[in-house]
Amino acid sequence: MGILDTSREEMIQLLRERGITDEQVLRSMNTVPRERFIPEPFDKRAYEDSALPIGRGQTISQPYTVAFMTQALQAPAGGKVLEIGTGSGYQAAVLAEMGFRVFSIEREPELLSFARRKIDSLGYRIATKGGDGTVGWSEYAPYSAIVVTAGAPGIPDPLLDQLEDGGRLVIPVGNLDVQTIMICTRRGDSHETEEVVGFKFVPLIGKKGWK
Ligand code: SAM
């Protein structure tokens with residue numbers, strides 16, 4: 001097990017027990033070294049199923065949440081995926097490892113530069129930018145899928161607008177204490193929504209987010 005309190009294989013086993021069935025997601029999470037995205041001393045706990053501090057009052061999401069949201073995206077092979085909330089860079093790396101073309105936005109410059117260093121040192125090709133992700137990244141739209149990794153007060157319209165037809169937006173929506181993960185599939189000018197309850201995220205702050 002080395003210096004890690006729980007091993008990567010144990011994490012994958014736990015994700016299977018909690019109902020993650022997408023083998024591509026499990027394979028990717030079994031490949032990306034989560035400990036490299038977590039500052040000391042919390043890196044030792046990288047394969048526990050918990051969110052951990054990454055600085056600036058933010059967290060790397062819990063492995064189950066990453067797996068659940070990634071599985072919910074159902075993006076086609078090689079599709080373009082936009083992530084809002086790069087944080088540590090781990091979720092973006094999991095998506096890149098699955099072969100998607102990944103674009104990711106983070107509002108905290110310090111976190112973005114930490115993530116950029118990790119992404120580059122592991123050799124992933126991911127486009128990142130600093131700024132408010134609630135307005136999306138129109139330059140590269142449309143996307144096959146968009147994942148928002150912070151809790152929003154509502155669904156930002158620009159994100160729905162930047163999805164291709166049939167594309168999916170996976171976003172936690174709720175109050176500042178508890179959120180529901182909304183899975184929105186774009187159908188022409190409207191969208192279908194499915195809801196999954198009981199997740200907890202840090203707030204999405206921005207023009208179309210919390211002030
Ligand atoms: N995906 C991240 C990972 O793998 O480590 C988890 C990130 S954390 C749960 C959510 C991130 O969203 C934080 O880093 C926070 O700064 C960022 N965030 C909040 N509001 C944002 C916004 N409007 N645009 C971009 N990033 C935002």
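First listed ligand is number 1; within each ligand, the first listed atom is number 1. Starting from 1, each residue takes its place in the sequence as its number. All heavy atoms count here, side chains included; hydrogens, waters and symmetry mates do not.
- Side-chain N/O atoms of Gln13 and Glu17 include a donor and acceptor closer than 3.5 Å.
- Each of Glu164, Gln74, Arg168 was evaluated against Ser144; a single residue qualifies, Glu164, per the side-chain hydrogen bond (donor to acceptor under 3.5 Å, both in side chains) test.
- Around the CZ atom of Arg187, the shell of radius 6.0 Å holds more than 12 heavy atoms that belong to other residues, nucleotides or ligands.
- Between the side chains of Arg34 and Tyr90, no donor-acceptor pair of N or O atoms lies under 3.5 Å.
- Within a 6.0 Å radius of NZ in Lys129, more than 12 heavy atoms belonging to other residues, nucleotides or ligands are found.
- At a cut-off of 3.5 Å, with distance as the only test, no side-chain donor of Tyr47 or Glu9 sits close to an acceptor on the other residue.
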Which N or O atoms of ligand 1 sit under 3.5 Å from a protein N or O, and how far apart is each pair?
{"from": "ligand 1", "atom 1": "1 (N)", "to": "Glu83", "atom 2": "OE2", "distance (Å)": "2.8"}
{"from": "ligand 1", "atom 1": "1 (N)", "to": "Gly85", "atom 2": "O", "distance (Å)": "2.9"}
{"from": "ligand 1", "atom 1": "1 (N)", "to": "Thr149", "atom 2": "OG1", "distance (Å)": "3.3"}
{"from": "ligand 1", "atom 1": "4 (O)", "to": "Gln91", "atom 2": "N", "distance (Å)": "3.0"}
{"from": "ligand 1", "atom 1": "5 (O)", "to": "Ser88", "atom 2": "N", "distance (Å)": "3.0"}
{"from": "ligand 1", "atom 1": "5 (O)", "to": "Ser88", "atom 2": "OG", "distance (Å)": "2.6"}
{"from": "ligand 1", "atom 1": "14 (O)", "to": "Glu106", "atom 2": "OE1", "distance (Å)": "2.7"}
{"from": "ligand 1", "atom 1": "14 (O)", "to": "Glu106", "atom 2": "OE2", "distance (Å)": "3.3"}
{"from": "ligand 1", "atom 1": "16 (O)", "to": "Glu106", "atom 2": "OE2", "distance (Å)": "2.6"}
{"from": "ligand 1", "atom 1": "20 (N)", "to": "Ile205", "atom 2": "N", "distance (Å)": "3.0"}
{"from": "ligand 1", "atom 1": "23 (N)", "to": "Asp132", "atom 2": "OD1", "distance (Å)": "3.0"}
{"from": "ligand 1", "atom 1": "23 (N)", "to": "Ile205", "atom 2": "O", "distance (Å)": "2.6"}
{"from": "ligand 1", "atom 1": "24 (N)", "to": "Gly133", "atom 2": "N", "distance (Å)": "2.8"}
{"from": "ligand 1", "atom 1": "26 (N)", "to": "Arg107", "atom 2": "N", "distance (Å)": "3.3"}

